[in-house]
Amino acid sequence: MSTIAEPTTQAPSKKRNLVEMNWDPITRIVGSLGIFTKIDFENREVAECHSTSSIFRGYSIFMKGKDPRDAHFITSRICGICGDNHATCATYAQNMAFGIRPPALGEWIVNLGEAAEYMFDHNIFQDNLVGVDFCEQMVRETNPRVWDKAQKTPANGSNLHGFKTIADIMTALNPFTGSFYRETLQMSRMTREMFCLMEGRHVHPSTLYPGGVGTVPTVQLFTDYMVRLMKYVEFMKKVVPLHDDLFDFFYDALPGYERVGQRRILLGCWGSFNDPDHCDYTYKNMGKWGDKMFVTPGVVVDGQLVTHNLVDINLNIRILLGSSYYDDWDKGETFVKTDPLGNAVDQRHPWNQTTIPRPQKRDFDGKYTWVMSPRWYHKESGQHLALDTGGGPIARFWATALAGLVDIGYVKATGRSVKIYLPKTAMLPETEFEWKIPRWSNAIERDRARTYFQAYAAACALHFAEKAMKELHAGRTRTWTDFKVPDEAIGCGFHEAVRGVLSHHVVIRGGKIANYHPYPPTPWNANPRDIYGTPGPYEDAVQNTPIFEENGPGKFKGIDIMRAVRSFDPCLPCGVHMYLGDGKVLKTVHSPMFGNHGGQPES
């Protein structure tokens, strides 16, 4: 499915009776994401979609004038879900700006903390939030015929995960009562403990600083981490085949379901897990040490890896307007004219962005959201590409697989897949999983990749723990490098937040922050139509999504739309308000699931 430039309009060959249905908010815990659609129930598809955000944060404004040493403490508060990812990325930018390199042990500790964060967040989102969209209760209400088929369909991996039929898996995912739902909650608690062992506090780290960490390395520290990690490794041997069975079933039960949430393959990954043997945080070497990351950075266009060079990735980031509530800064100050290698830096690059908010009434024919439109400029085509992160894992896997650079024993990129090797655990033998590049970038494959990346993060953590223990046993116990704040400097940090690409760009003048712009994954995924009319990824993925739900407009829950949006992992869903036509409220829900189960429409 190609990216389309304008909202879908009525086809001249057939009459389209469109029904407006809107979900606002579908979002993080702050409740700022709205999805506004027009649905063609006769032809069973979404005709038009707009993604909106009603909250302005302003971090890029109030970071100015702050002490650069405080950047990681402040920016971790951008998000109450993945604040540690922001703190980590900020320290990467600080390390570059300050000209420092953390000791190897400090870097391994950061990697262990971030691996635990991936395990925690993907686990709780996959099975306690998005997983509810696939549970018995939801499937019964939206697709009774699918539930009937699930009861008769044996699960191929039952000998691995213990559930005989697909219906048994769905029942186990029922919120608060399902056995697997409850088990994943327990695993989330354990992985959060793993994170706190390394970074002190979740989700705003207390031991993470520019130059390294304040964590005290001991044998006991790493033993406590490893005991929990091995339990999680054993859990993964059950989780991966369980989700494979569930997702494969939907393709079989609903032919054509690959079109739900499908869009052109335009994926971005900024890389994760630095290797202290190679990463010196200098800009001039960024392309080299970026290739040594344990998750390879890259831009994938139509299934091809067009670059895995962090310098190239950095220079071609563009922040566009169009449908956003901001004035242009095209004639504003240019903070950085050239990068440290002498390459020209565009005025629409984050280093040169000036945020000028302009509040106004929402107008879908004009401006309708606070989210800007990040794009990646593709020189070969001359296009500003609306990359998405696919919720993080699918882009990370796709770039890593195609680059074929990662090979640490526990994980190996083959050029067409990523192999994951998990050692023998208490009750289960050693296991190998292989994530293979899929045919589509769609809702099901985004969700599937999230499961596999949980195993990938666990496998990487085994490697990081071994490296950390080697440093400890050799007596190399330093975890932090001292530094001085320069009077003038620039820096950039590249990382992968749980949901995908994360970058922090800083300009320092007079020893203070002169400009600072963090770009997490949600602006890349939830952005609106830009100045060229190109819709953002949520909009693009939902437009033309077919409707498989069996309910008509009166009892419509929008489950296919919800699966498409939630496959991008837009963080914790909260209250969902659904409207029909000119504002009649059908459902009002405040729960971590979608749908007012068993309730009646509200007037």
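Throughout, numbering of the chain's residues begins at 1 and tracks the sequence. Model, not experiment: these values are computed from the prediction.
Checked against the 6.0 Å centroid criterion, the rings of His384 and Tyr377 qualify as a close aromatic pair. Aromatic ring centres of Tyr368 and Tyr325 lie farther apart than the 6.0 Å criterion allows. You'll find the ring centres of Trp376 and Trp524 outside the 6.0 Å limit.
By the 4.5 Å heavy-atom criterion applied to side chains, Tyr92 and Asn274 are counted as neighbours. Proximity of Asn128 to Leu185: side-chain heavy atoms (C-beta onward) are separated by under 4.5 Å at one or more points. A 4.5 Å side-chain heavy-atom check between Arg448 and Ile394 finds every atom pair outside the cut-off. The side-chain heavy atoms of Leu387 and Val299, taken from C-beta on, include a pair separated by under 4.5 Å. At a threshold of 4.5 Å between non-hydrogen side-chain atoms, the residues Asp447 and Arg563 do not count as touching. Using a 4.5 Å heavy-atom cutoff, the side chains of Ser441 and Leu267 are in contact. Looking only at side-chain heavy atoms (C-beta outward), Tyr181 and Val132 come within less than 4.5 Å of each other. Here the side chains of Asp121 and Arg499 are in contact, with some heavy-atom distance below 4.5 Å.
The structure places CG of Asp569 at 10.0 Å from CD1 of Ile81, a figure rounded to the nearest 0.5 Å.
Glu539 pairs by the salt bridge (charged side-chain N to carboxylate O under 4.0 Å, His left out) definition with Arg529, not counting sequence neighbours. Listed by chain and residue number, nothing satisfies the salt bridge (charged side-chain N to carboxylate O under 4.0 Å, His left out) test with Glu114 (two or more places apart in sequence, or in another chain).
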task = Decide yes or no on ring-ring contact (aromatic ring centres under 6.0 Å, His included) for His202 and Phe195, but give the supporting numbers first.
result = CA-CA 7 Å; His202 191 268; Phe195 176 90; 4.9 Å; yes
query = After noting the C-alpha distance and the side-chain angles of Tyr456 and Phe397, does the key distance pass the ring-ring contact (aromatic ring centres under 6.0 Å, His included) rule?
reply = CA-CA 9 Å; Tyr456 186 95; Phe397 271 135; 5.6 Å; yes
task = Go through the steps for Tyr516 and Tyr59 under the test ring-ring contact (aromatic ring centres under 6.0 Å, His included), then give the verdict.
result = CA-CA 8 Å; Tyr516 199 104; Tyr59 272 83; 9.3 Å; no
request  = Output, in order, the C-alpha distance, side-chain angles, deciding distance and verdict of ring-ring contact (aromatic ring centres under 6.0 Å, His included) for Trp370 and Tyr326.
outcome  = CA-CA 8 Å; Trp370 281 110; Tyr326 300 93; 5.4 Å; yes
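Under the 30°/60° scheme for interplanar angles, the aromatic rings of His50 and Phe364 are found to be tilted. Taking the six-membered ring where tryptophan is involved, the planes of Trp270 and Phe494 are perpendicular, since the angle between them exceeds 60° and thus also 30°.
For the pair Arg44 and Phe548, the cation does not sit on the ring face, since its NZ or CZ is not both under 6.0 Å from the ring centre and inside 45° of the axis. Both tests pass for Arg446 against the ring of Phe568: distance under 6.0 Å to the centre and angle within 45° of the axis.
Looking only at atom types and distance, the side chain of His504 has no donor-acceptor partner in the side chain of Gln94 under 3.5 Å away. Using a 3.5 Å distance cut-off with no hydrogens or angles, the side chains of Thr355 and Ser60 do pair a donor with an acceptor. A side-chain donor from one of His204 and Ser76 sits under 3.5 Å from a side-chain acceptor of the other. The closest side-chain donor-acceptor pair between Glu45 and Asn43, if any, does not fall under 3.5 angstrom. If you check the side chains of Ser323 and Asp530, you find no donor sitting under 3.5 Å from an acceptor. Between the side chains of Asn17 and Glu42, at least one donor-acceptor pair of N or O atoms lies under 3.5 Å. Under 3.5 Å, the side chains of Asn123 and Ser188 contain a donor-acceptor pair of N or O atoms. Arg375 and Asn527 form a side-chain donor-acceptor contact under 3.5 Å, judged by distance and modelled atom types alone. Remark: the Thr37 side chain and the Glu20 side chain contain no N/O donor-acceptor pair separated by less than 3.5 Å.
A salt bridge links Asp328 and Arg348; the closest N-O separation between the charged side-chain nitrogens and carboxylate oxygens is under 4.0 Å.
For the pair Leu33 and Ala526, the tightest heavy-atom approach, listed with the atom from each and the gap, is CD1-CB, 4.4 Å. Of all heavy-atom pairs between Asn515 and Pro350, the closest is ND2-O, 4.0 Å. For His243 against Thr451, the heavy-atom pair with the smallest separation is ND1-OG1, 3.0 Å. The minimum heavy-atom distance linking Phe273 with Ala115 is given by the pair CE2-N, 3.7 Å. Here the shortest heavy-atom pairing between Ile313 and Cys269 reads CD1-O, 4.1 Å. The minimum heavy-atom distance between Thr334 and Gln347, with the atom names listed, is OG1-OE1, 2.6 Å.
Listed by first then second residue, pairs satisfying salt bridge (Lys or Arg N to Asp or Glu O under 4.0 Å) with a partner in residues 361-373 read Asp24-Arg362, not counting sequence neighbours. Evaluation of the salt bridge (Lys or Arg N to Asp or Glu O under 4.0 Å) test over residues 386-398, restricted to residues two or more places apart or in two chains, returns Arg263-Asp388, Arg396-Glu496. For residues 68-92, every residue pair satisfying the salt bridge (Lys or Arg N to Asp or Glu O under 4.0 Å) rule, not counting sequence neighbours, is listed here: Asp67-Arg69. Counting only residues at least two apart or on different chains, the side-chain hydrogen bond (donor to acceptor under 3.5 Å, both in side chains) pairs with a member in residues 310-320 are Tyr283-Asn314, Thr307-Asp312, Asp312-Asn316, Asn314-His349, Asn314-His505.
Thr191 places no side-chain N or O within donor-acceptor distance of the main-chain N or O of Ala116, the cut-off being under 3.5 Å.
Environment of NZ in Lys64: crowded, with over 12 heavy atoms of neighbouring residues, nucleotides or ligands closer than 6.0 Å.
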